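Structure first, commentary second.
Throughout, protein chains are lettered first and strands after them, A, B, ... in sequence-line order, and every chain is numbered starting at 1. These numbers were taken from a predicted model, which means no experiment stands behind them.
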There are 2 protein chains.
Amino acid sequence: MSISSTYTTILETGYRLFAEHGFEKTSMTMIAKEVNISKPALYYHFVSKESIIEVLFDEICKSIGFENFFTIQDYTNDNFEEKLISDGLRIILKQNEDIYYTRIMNQYQALGYRNPTYSRKLIDSLDGFTTGFVALLQHGARIGAIEDTDALVKAQMLTMMIDSMDNFISYGLAYHYEAIWTKAVVTIVRGGTVR
Amino acid sequence: MSISSTYTTILETGYRLFAEHGFEKTSMTMIAKEVNISKPALYYHFVSKESIIEVLFDEICKSIGFENFFTIQDYTNDNFEEKLISDGLRIILKQNEDIYYTRIMNQYQALGYRNPTYSRKLIDSLDGFTTGFVALLQHGARIGAIEDTDALVKAQMLTMMIDSMDNFISYGLAYHYEAIWTKAVVTIVRGGTVR
DNA sequence: GTCTATAAAACGATAGAC
DNA sequence: GTCTATCGTTTTATAGAC
């Protein structure tokens, strides 16, 4: 259809191959073969393998913002706890639909250890979740749905739980994620001050 | 000293280089140069690069058992909560001492996605923590230190929190880990049943 | 935009001497 | 146990025609 349909196909194919075999073990030859073009044609669209990896990362980053999963205005005194539970579970569900996501992110985390460009964006994304949860918890306190204590620590715990659940799910660990997230929300969000 | 001092040096050097540059970007030439031997000398001690990575993994796995951090018998009715907190914080402290640890484990996790030998051992290690926490919580309930509810879910949450804290610390995120772990222990362990 | 052909470098691993 | 020298393969990337 579009004049850059090849461009998109390359990105989609790269996403899959990178997740399956890893960045290093996925060669430009493999991608070209899978897309059914020659290697120089591939280099026409992307100046290097690294640039495919970079563009892919930016695309992924766009889709993982806190606001994509939580809309603070929709939280009321009546639905606060149950909505926080169900919205969190939606994230888990989304990861179950895309088995490649966490495998790819694991590799971007590794890149981040050596390249600040990647770590910066990953940290920003996590910060976005923490900041979002803080705002959500403060909203909850304002409307009288929850206690007004330790918002930052609670938000950091929720961020870590979300991240960790993604990780464990992608590894095929049969944990009780629904019960875990529910308990996290119920006890953490309700719970009082740390001594 | 020992006849296999070179063998040990290779492992230590490999650990550092693999953490710094990654498995793929660390070549046998680099390791040989850093150890100050030739490449064939390196191949005398290890039949392949993969075998260095494997031996390294087994060494690491030995040091991350639940029992290395938590001794159930030492938990009494008086010290239960505070000991669980301090023992957990000891794990965090240990990771701060070895900045390479999480970087290496991140890569073994990636290997595990494609090789069951690695994922099997990683999952066993996590299972060891969950099983250990269950036993610890049941012990706590038996001696009347905590409520006797949802031991498995609580144990899974604690395992995930430990794993996640390691991860976030290694990424340089300045979270309130002490407060987070304390709150996790206090609210999760004390807290009642999930509705 | 896509192709065939190829360059240039790096890699894992080995032969064979000492 | 360690060396020099080298093999065979694969990699990223490009020159140049269409």
Taking OP1 and OP2 of dG1(D), is either one under 4.0 Å from a side-chain nitrogen or oxygen of Tyr44(B)? yes

For the pair made of OH in Tyr43(B) and C1' in dC11(C), what is the distance, rounded to whole Å? 8 Å

Trp181(B) side chain to Ile92(B) backbone, donor-acceptor under 3.5 Å: no

Supply the members, apart from Leu152(B), of the Ile/Leu/Val/Met/Phe/Trp/Tyr cluster built from side-chain contacts under 4.5 Å; use none for a lone residue. Val134(B)

Side-chain (Tyr75(A)) to main-chain (Ala145(A)) donor-acceptor, under 3.5 angstrom: no

Within residues 27-41 of chain B: residues closer than 4.0 Å to DNA chain D (heavy atoms): Ile37(B), Ser38(B), Pro40(B), Ala41(B)

Within this structure, what is the CZ-OH distance for the pair Phe18(B) and Tyr108(B), rounded to the nearest 0.5 Å? 7.0 Å

Side-chain donor/acceptor of Thr26(B) to backbone N/O of Leu17(B), under 3.5 Å: yes

Closer than 4.0 Å, any side-chain N/O of Thr6(B) to the OP1 or OP2 of dG1(D)? no

Whole Å only: how far is the NZ atom of Lys25(B) from the C1' atom of dT12(D)? 11 Å

Show which side-chain atoms of residues 156-165 of chain A pair as donor or acceptor with protein atoms under 3.5 Å away, not counting sequence neighbours.
| residue | atom | partner | partner atom | Å |
| --- | --- | --- | --- | --- |
| Gln156(A) | OE1 | His176(B) | N | 3.0 |
| Thr159(A) | OG1 | Thr130(A) | N | 3.4 |
| Thr159(A) | OG1 | Thr130(A) | OG1 | 3.2 |
| Thr159(A) | OG1 | Ala155(A) | O | 2.9 |
| Ser164(A) | OG | Met160(B) | O | 3.2 |

Can you tell me if Asn77(A) uses its side chain to pair, donor with acceptor, with the backbone of Ile143(A) under 3.5 Å? yes

In residues 48-56 of chain A, what residues come within less than 4.0 Å of DNA chain D, judged by heavy atoms? Ser48(A), Lys49(A)

Please report, rounded to the nearest Å, how far the C1' atom of dC11(C) is from the NE2 atom of His21(B). 16 Å

Taking only heavy atoms on the protein side, list every residue of residues 106-118 of chain A lying under 4.0 Å from any atom of DNA chain C, sorted numerically. none

Donor-acceptor pair, distance only, cut-off 3.5 Å: does the side chain of Gln107(B) make one with the backbone of Phe23(B)? yes

Using atom NE2 of His45(A) as one end and atom P of dC3(C) as the other, report the distance to the nearest whole Å. 9 Å

Quick check against the 3.5 Å criterion: does Asp87(A) have a side-chain atom that pairs as donor or acceptor with the backbone of Thr71(A)? no

Residue set satisfying ring-ring contact (aromatic ring centres under 6.0 Å, His included) with Phe66(A), at least two apart, ordered chain then number -> Phe70(A), Phe129(A), Phe133(A)

Can a donor-acceptor pair be found, under 3.5 Å and without considering hydrogens, that links the side chain of Arg114(B) to the backbone of Glu20(A)? yes

